[in-house]
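Working notes, structure below.
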Amino acid sequence: MTIPRSLVIGCGSYLPARTVTNDDMSRIVDTTDDWIVERTGIRERHIAADDEFTSDLAVKAAEAAIAHAGIDAQEIDLIILATTTPDLTFPATATAVQARLGLRHGAAFDIQAVCSGFVYALTIADTFIKARQARTILVIGAETFSRLLDWTDRGTCVLFGDGAGAVIVRAGEGEGTIHDRGILTCHLHSDGRYQDKLHVDGGPSRTGTVGHVRMEGRDVFRHAVTNIAGAIKEALAATGLSADDIDWFIPHQANRRILDGTAKKIGLAPEKVVFTVDRHGNTSAASVPLALDVAVKDGRVRRGDLLLLEAMGGGFTWGSVLLRW
Ligand code: ACO
């Protein structure tokens with residue numbers, strides 16, 4: 001007997017043309033390239049043009065993923081877009097993407113889990129496939145996070161960037177073993193007691209404004225390593241695999257020190273970690289699919305490889321997805 005499996009059959013990404021280096025940042029706030037590189041590993045980030053919106057980034061990443069998967073866009077029957085920076089408070093940015101791709105069937109919705117958004121969206125996609133409610137799902141993480149930054153706060157504005165990444169998830173069948181292609185296990189968590197540690201101080205209901213990112217960096221750092229390592233251990237326990245079995249660790253790109261700390265805590269060889277934070281900064285929900293696309297397109301990720309994806313963000317939210325490419 002076979003079981004439904006969610007196969008990731010293609011990926012794509014998009015970065016805005018404008019890059020902002022750490023030296024550029026030092027002309028905006030009191031900071032230095034040395035400080036930013038030492039504390040975060042970030043060297044540059046991409047920032048969207050004034051007339052470039054989250055939906056624009058999302059559509060470009062989606063088109064690249066559709067081309068890479070070799071499908072017709074009309075085969076897509078569900079769009080899930082993870083973002084913290086929708087074009088508008090409503091309607092969902094996913095519906096703008098749906099219209100721009102020329103789709104009139106199926107459903108499209110946004111989900112909000114900040115930096116964990118893509119891991120949440122992929123888990124939702126897997127659930128739809130397993131329930132046989134959708135066959136071909138476009139999952140996107142897209143952000144214009146620069147719009148939420150307080151450009152006078154050096155503690156936060158140096159950390160983030162804009163971008164988008166997307167994957168096509170297709171219903172398939174598997175034997176129900178760890179050798180199957182596709183998503184093997186997903187683990188999501190949140191703990192709302194920590195909302196104040198990382199949040200935006202505005203919103204439609206409370207202030208009628210968009211607000212700016214506020215963060216207690218040290219506390220976020222401490223929780224990030226512990227929570228992420230926990231979600232990874234769950235994925236390994238659920239499948240009976242060990243850290244040695246992982247071919248590529250594709251984490252949320254928040255900060256090099258968080259990634260190094262997590263890899264060390266779970267015993268993952270540093271050469272298996274995909275790093276893009278140096279060139280992208282933290283692109284929130286876009287960071288995991290952006291990193292995945294880089295590692296697929298440069299040939300590191302090959303058919304049959306075991307990939308471990310994870311993320312942690314505001315809420316706190318966090319989670320992991322283990323999949324065979
Ligand atoms: N340039 C220069 N100095 C700075 C900067 C900057 N950009 N930002 C802060 N400082 C200063 C502070 O003002 C402080 O100065 P003081 O000692 O004179 O008061 C000093 O550096 C130390 O500040 P801390 O905030 O304690 O610095 P820390 O070593 O904790 O590093 C950082 C800050 C990089 C934000 C760190 O806490 C961190 O990485 N936290 C994780 C947060 C993160 O990655 N968040 C992303 C979103 S959440 C997620 O995606 C998981």
Side-chain angles (χ1 to χ4, degrees), residues 20-45 82-85 112-120 141 143 145-146 148-163 165 188-192 194-201 211-232 249-263 265 273 275-278 280-291 309-320:
V20 175
T21 65
N22 290 345
D23 284 338
D24 295 331
M25 290 303 303
S26 72
R27 287 185 276 278
I28 299 170
V29 285
D30 181 14
T31 191
T32 60
D33 179 51
D34 283 350
W35 193 96
I36 301 172
V37 171
E38 193 203 313
R39 306 287 176 120
T40 72
I42 298 167
R43 295 181 183 276
E44 61 182 28
R45 71 285 291 145
T83 189
T84 309
T85 47
Q112 154 63 302
V114 208
C115 299
S116 312
F118 184 78
V119 166
Y120 267 61
E143 301 279 16
F145 220 80
S146 59
L148 294 179
L149 299 177
D150 174 350
W151 290 91
T152 65
D153 176 12
R154 66 180 181 173
T156 53
C157 73
V158 302
L159 302 175
F160 296 91
D162 300 334
L188 297 185
H189 294 278
S190 63
D191 189 340
Y194 299 105
Q195 285 179 63
D196 289 348
K197 302 279 180 207
L198 175 57
H199 69 286
V200 159
D201 59 6
H212 291 122
V213 174
R214 304 294 173 209
M215 180 176 72
E216 292 173 35
R218 281 186 181 230
D219 282 346
V220 173
F221 192 102
R222 197 164 45 81
H223 282 279
V225 175
T226 309
N227 290 346
I228 293 165
I232 292 170
F249 178 43
I250 306 182
H252 168 49
Q253 308 284 320
N255 176 317
R256 177 142 201 155
R257 289 188 304 152
I258 293 179
L259 305 195
D260 287 342
T262 307
K265 199 166 175 131
V273 184
F275 284 107
T276 51
V277 71
D278 54 338
H280 300 173
N282 180 347
T283 57
S284 184
S287 93
V288 171
L290 267 162
L309 281 45
E310 61 77 3
M312 140 114 189
F316 291 138
T317 55
W318 67 100
S320 62

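Counting starts at 1 for both ligands and their atoms, following the listed order.
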Checklist line | Any residue meeting ring pair (Phe, Tyr, Trp, His ring centres under 6.0 Å) with H223, in chain and number order, not counting sequence neighbours | finding: Y194, F316
Check: Considering residues at least two apart in sequence or located in another chain, which fulfil the salt bridge (charged side-chain N to carboxylate O under 4.0 Å, His left out) criterion with R256?
Finding: D260
Item checked: Point-to-point distance, once rounded to the nearest 0.5 Å, from CG of D33 to CE of M25 -> 12.0 Å
Tabulating one pair per line, provide the atom names and distances (0.1 Å) for every N/O atom of ligand 1 that is less than 3.5 Å from a protein N/O atom.
residue  : atom   : partner : partner atom : Å
ligand 1 : 1 (N)  : T31     : OG1          : 2.6
ligand 1 : 3 (N)  : W35     : NE1          : 3.4
ligand 1 : 7 (N)  : T31     : OG1          : 3.1
ligand 1 : 7 (N)  : R154    : O            : 2.9
ligand 1 : 13 (O) : R154    : NH2          : 2.9
ligand 1 : 26 (O) : R218    : NE           : 2.7
ligand 1 : 26 (O) : R218    : NH2          : 3.2
ligand 1 : 27 (O) : R39     : NH1          : 3.4
ligand 1 : 29 (O) : R39     : NH1          : 2.5
ligand 1 : 30 (O) : R218    : NE           : 3.2
ligand 1 : 37 (O) : G217    : O            : 3.4
ligand 1 : 39 (O) : N255    : ND2          : 2.3
ligand 1 : 40 (N) : G217    : O            : 3.0
ligand 1 : 50 (O) : H252    : NE2          : 2.8
ligand 1 : 50 (O) : N282    : ND2          : 3.2

Checklist line | Partner residues of Y120 under the ring pair (Phe, Tyr, Trp, His ring centres under 6.0 Å) criterion, sequence neighbours left out | finding: none
Margin query: Nearest 0.5 Å, please: how far is CZ in R39 from CZ in F221?
Written below: 10.5 Å
Margin query: For R43, is the CZ atom crowded, meaning more than 12 foreign heavy atoms sit under 6.0 Å from it?
Written below: no
